[in-house]
There are 2 protein chains.
Amino acid sequence: MSLNDLDDEVAALLDDADQRYTSSRRRLISALQAGDGPLTITQIVATDASLPQSTVYRNLTILEEAGVVTRIVTSDDFARYELAEKLTGHHHHLICTACGDVVDFSLDAAVEATLDKALDGAAVSAGFTADSHRLDLLGTCRDCAKA
Amino acid sequence: MSLNDLDDEVAALLDDADQRYTSSRRRLISALQAGDGPLTITQIVATDASLPQSTVYRNLTILEEAGVVTRIVTSDDFARYELAEKLTGHHHHLICTACGDVVDFSLDAAVEATLDKALDGAAVSAGFTADSHRLDLLGTCRDCAKA
DNA sequence: AGCAATAGTGAGAATCAGTATCATTTGCGA
DNA sequence: TCGCAAATGATACTGATTCTCACTATTGCT
Ligand SMILES: [Mn+2]
Ligand SMILES: [Mn+2]
Ligand SMILES: [Zn+2]
Ligand SMILES: [Zn+2]
């Protein structure tokens, strides 16, 4: 998805949610788009100092409700946000248990298909209605392995 | 793993960590063993009112450090704990996004093998050292679907 | 353009899950 | 049995996140 298409799609989603696409929200989208994985509030504020913390919190919540971003919770005390899969495509996360950093990765379509089929079976037999799956790899990133 | 074997294994893990297997800790293990998925602190205290909240928090941390229990974070504001996979076997979670409840499920060995292989490839190409994977299904549980 | 009415902003206060403190109790070893 | 280190549990504290509210920006209308 090109930058302009992304922008158009975000605008449409916000419009559907009766929300304006303000300059704070544009800056947030831009910050998230620049990262190679979900970002913490601290990381966002560090990236764009013109964004006050309270505005970041409030607007990320609104963007999440509008389906523009997704909130990711790992094991550390900091929530992370990324653009919704609707905008970036389905993918997974490498989570470093040493430094907390999270980066994206993808699996090939065949593996995803196998997985979806197996998960669908499990959901059905538990009377569970599945919306999506979440698959993370936990371990140590290159930087932390070096140190 | 039988109840006695579980008890022995927990005792051994605590011994390795130079921790005693006290009655509070026995009650915690018992509460976790009784659940069909990871439990919140509130659920544990509700199950066994003889356990003060501060003792539950402290001992769950100690049990986690000893490798006896695992802390699970979903998307709500409450951490959940379950017996470590070392004791219960590898499995996954159905997470209800409506009520927050979490229940266990398993995939068959062939799917796990396919998955592990694909994940290993992804880890290697990212320079990431993987310890384990975490796979959750997000959706709506039977009870919430009814309501 | 002028003028409400409505939406968004941002500094600071409040909330609350989780952690730290510490006086008291427990249980292991000599 | 005694002494001591570990554990307990009531309570205070911490800090990420949420709430408040006076102020500013934008929209829609004439
Ligand atoms: Mn991602
Ligand atoms: Mn489980
Ligand atoms: Zn790392
Ligand atoms: Zn539910």
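Lettering of chains follows the sequences in order, A, B, ..., and the numbering in each one begins at 1.
Residues of residues 10-29 of chain A having a heavy atom closer than 4.0 Å to DNA chain C, listed by number: A:Q19, A:R20, A:T22, A:S24, A:R25. A heavy atom lying under 4.0 Å from DNA chain D marks none of the residues of residues 46-54 of chain A.
Following rounding to the nearest Å, A:R71 (CZ) and D:dT17 (P) show an atom-to-atom distance of 6 Å. Between the P atom of D:dT18 and the CD1 atom of A:I62 lies a distance of 12 Å, rounded to the nearest Å. Whole-Å rounding puts the B:L60 CG to C:dA17 C1' distance at 14 Å. For A:F78 and C:dG18, the CZ to P distance is 15 Å, given to the nearest whole Å. Taking atom CD on A:E65 and atom C1' on C:dA7, their separation rounds to 15 Å, with Å as the unit.
Checking the phosphate oxygens (OP1, OP2) of D:dT8, a side-chain nitrogen or oxygen of B:N59 falls inside 4.0 Å. Checking the phosphate oxygens (OP1, OP2) of C:dG8, no side-chain nitrogen or oxygen of A:R58 falls inside 4.0 Å. When the side-chain nitrogen and oxygen atoms of B:T55 are compared with OP1 and OP2 of D:dT8, none of them lie within a distance under 4.0 Å. The phosphate of D:dT17 has OP1 or OP2 within less than 4.0 Å of a side-chain N or O from A:Y57.
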Show me the side-chain donor-acceptor pairs of residues 135-147 of chain B shorter than 3.5 Å, one per line, residues at least two apart or across chains.
| unit_1 | atom_1 | unit_2 | atom_2 | d |
| --- | --- | --- | --- | --- |
| B:D136 | OD2 | A:R134 | NE | 3.4 |
| B:D136 | OD2 | A:R134 | NH2 | 3.0 |
| B:R142 | NH2 | A:A126 | O | 3.3 |

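With sequence neighbours excluded, no residue satisfies side-chain hydrogen bond (donor to acceptor under 3.5 Å, both in side chains) with B:D101. B:D76 pairs by the side-chain hydrogen bond (donor to acceptor under 3.5 Å, both in side chains) definition with B:T74, B:R80, not counting sequence neighbours. Residues passing the side-chain hydrogen bond (donor to acceptor under 3.5 Å, both in side chains) test with B:E82, sequence neighbours excluded: B:H91, B:H93. With sequence neighbours left out, the side chain to side chain contact (heavy atoms under 4.5 Å, CB included) criterion links A:A113 to no other residue. With sequence neighbours left out, the side chain to side chain contact (heavy atoms under 4.5 Å, CB included) criterion links A:S125 to no other residue. Applying the side-chain hydrogen bond (donor to acceptor under 3.5 Å, both in side chains) test to A:S23 and every residue at least two apart in sequence or in another chain returns nothing. Every residue meeting the side chain to side chain contact (heavy atoms under 4.5 Å, CB included) condition with A:V56, not counting sequence neighbours, appears here in chain and number order: A:L28, A:I41, A:I44, A:V45, A:L51, A:L60. Take B:A122 and apply the side chain to side chain contact (heavy atoms under 4.5 Å, CB included) test, not counting sequence neighbours, and it matches A:F105.
Relative to the axis of its first five pairs, the axis of the last five pairs of the helix from C:dA1-D:dT30 to C:dA30-D:dT1 sits at 30°, rounded to 10 degrees.
Put simply, the side chain of B:L6 does not reach to within 4.5 Å of the side chain of B:T88, judged on heavy atoms.
The CG atom of A:D48 lies 5.5 Å from the CZ atom of A:R27; values are rounded to the nearest 0.5 Å.
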